[in-house]
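Each chain gets a letter, A, B and so on, in the order the sequences are listed, and its residues count up from 1. All figures in this text were calculated on a predicted structure; none of them were measured in a lab.
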2 protein chains.
Amino acid sequence: MTDEAISSSDCSRAEARRNQILEAAEACFREYGFHGASISRISKSCGMSAGHIYHYFENKEAIIAAIVANDLDRLLAMSAEMRNADNVLDALIDRVAEGVVEQLESRGAGLKLEIAAEAARNPTVAEIVRGADRRCTASLAETFRLARLAAGKSATPEEIARMVEVIAAMFDGLLLRRVRQADIDTRELIVGFQSVIRCLITS
Amino acid sequence: MTDEAISSSDCSRAEARRNQILEAAEACFREYGFHGASISRISKSCGMSAGHIYHYFENKEAIIAAIVANDLDRLLAMSAEMRNADNVLDALIDRVAEGVVEQLESRGAGLKLEIAAEAARNPTVAEIVRGADRRCTASLAETFRLARLAAGKSATPEEIARMVEVIAAMFDGLLLRRVRQADIDTRELIVGFQSVIRCLITS
DNA sequence: CGTTCTAGTTTGAGCGCTCATTCTAAGTTA
DNA sequence: TAACTTAGAATGAGCGCTCAAACTAGAACG
C-alpha cells in the first residue's frame, strides 16, 4: 500500500534505481530461483544496501511481479509485430526460426521457466502470466486467421483456436526441451516446426 | 557418506518410512516449491519429527533427487509400453489422448514444472532429468520409426530425430499451457495434437 | 512367568546461520 | 535549513541440520 510515486523532484533517478534493482534481481532469480535468491544477494549484486531496496519495492513479491510483468511485456511486443506483414504465411514461417532461437536462448528461457513454476503456485504471478498469454494468443490467432484466408482455407474460430493452442504448446515446450536435452540441434528443430505449421495452415 | 542400509532387522519398515517421507515431500514441493518447502513443514506433513527425516535422507537435496528420480521412472514406464502394439500408428494416435490428459492433469504437472525449473540451475537434478529424457526420447524414436515404416514412408535417423524433438516439445509444452491458460479445452487440443502427429508420420 | 539387557526408533530442543523487513542516523543536495 | 537519499545494524522468525536423551519391543536369562 505504499505509494509508487517515490519522488516529486527527481523521478528519473528513482526510475534508474528501480531498473538497477530489477536487472540485478533478474540475474539472481535466474541463477537461484525466486525463493533461492535473497534480498541480501540481490542487494550485493546491484551494489546497494539491503534496506534501501525497500524504498523502491514494497517487498520481495513486488520485485517478482515487476520482473514477470517486464518479461511478458517484451514477449507481447515481439508477438505483436508479426501481424503486420505483406505475405502473412511466408512471414509466419520466417518468424518461426527467430521464435525457436529466442525460446532456446538461455538468458530468457531460464527465467520464463522460473516464472511458470512460480505461477503454478502463486496466484498473483499466475494472474499476470495469464493476462499476458491471453493477449499473446489473441494476436497469434489473428495472424493464423489471415494466413488461413491467404491460403484459401476455411478459418472457423474453432479451427483457429485449436491451431493456436498446438503452436503455443510447441513453443512453450522449447523452454523445457532446453533443460531436458543438453544439445539440441536448433536448425533441425526449426525445419520440424516450420513443416508442422505449414501443414496446419494448408490442410 | 552415511550408508543407505538403515536396518538389518526390519528393512520393510524403513522402506515404508522412506516412502511416507517422499509422499509428504512431494505434496509440499508441489505446493511451495523445492526451496519454499521446509524440512519442518515436510515433517509435519508426514507426521514425524524433523530430525527423524535425517535417518532416511542425508539432506534435503537427497529428498529432491529421490522424488525427481521416482517421478521420471513413472514417466519412463509409461512411455516404454507404447512400443508393444499391433498397429503402431493407430496405437500411437490413441495414446496421444491419454498423453495429453496425463500432462494436463494437475497433480503431476506442477511437480514436473518445478523439477524442470530446478534442473535449470541444479546440476545434480539436471543430470537425472537428462538421463530420463534420453531414454524416453529413444523409446519414442523407435515407435516413430515403426510407424513411418508401417505407413510406407522413409525413416532416416534425421527425420526420426526431428519428429521426436517436435513431438517432445509439444507434450512438454502442455505443462506450461496448463499454467498460462486457465481453461484449456482438452478435447480440442487432443484433436489438434493427433492431426499434427498424423501429418508428421504420413508426409 | 517376570526381569533385565540391548539395539533400533523417535523425539524435540537447540545450534549457527540467513531470511525478509524495519529503523535510526549519517550523508547529500538544493 | 529542509528534504531526499543511502547505509547498515538490529529484529524476530525460520531455516537446515545435529545430538543427547527417551521410548519401544523383542531376546536372553533366572
Taking [atom1] from [X] and [atom2] from [N], how many angstroms apart are they, rounded to a whole number?
| X | N | atom1 | atom2 | answer |
| --- | --- | --- | --- | --- |
| His55(B) | dG12(C) | NE2 | P | 13 Å |
| Ile64(B) | dG16(D) | CD1 | C1' | 12 Å |
| Gln20(A) | dT5(D) | CD | C1' | 13 Å |
| Lys60(B) | dG16(D) | NZ | P | 4 Å |

**Item:** Under 3.5 Å donor-acceptor, Thr143(B) side chain and Ser139(B) backbone
**Value:** yes

**Asked** Between Tyr56(B) and His52(B), what is the ring plane arrangement, given parallel below 30°, perpendicular above 60°, and tilted in between?
**Response** perpendicular

Answer yes or no: is there a side-chain heavy-atom contact under 4.5 Å between [X] and [Y]?
| X | Y | value |
| --- | --- | --- |
| Arg198(A) | Ile93(A) | yes |
| Thr156(A) | Ile160(A) | no |
| Ile201(B) | Leu92(B) | yes |
| Leu22(A) | Phe57(A) | yes |
| Lys60(B) | Ile39(B) | yes |

Are there any protein N/O atoms within less than 3.5 Å of an N/O atom in nucleotides 27-30 of chain C, and if so, which ones and at what distance?
none

**Request:** Name every residue in residues 32-54 of chain B that has at least one heavy atom under 4.0 Å from any atom of DNA chain C, in order of residue number, or write none if there are no such residues.
**Result:** Met48(B), Ser49(B), Gly51(B), His52(B)

**Prompt:** Do any of residues 114-129 of chain A sit with a heavy atom less than 4.0 Å from DNA chain C, and if so which?
**Reply:** none

**Within residues 169-203 of chain A or reaching into it, pairs that qualify as ring-ring contact (aromatic ring centres under 6.0 Å, His included) - sequence neighbours excluded** = Phe171(A)-Phe193(A)

**Request:** Hey, could you give me each pair passing salt bridge (Lys or Arg N to Asp or Glu O under 4.0 Å) that has a residue in residues 109-122 of chain B? Not counting sequence neighbours.
**Result:** Glu114(A)-Arg121(B), Arg121(A)-Glu114(B), Glu102(B)-Lys112(B), Glu118(B)-Arg121(B)

**Fill in**
salt bridge (Lys or Arg N to Asp or Glu O under 4.0 Å) pairs touching residues 184-195 of chain B, sequence neighbours excluded, are Arg162(A)-Glu188(B)

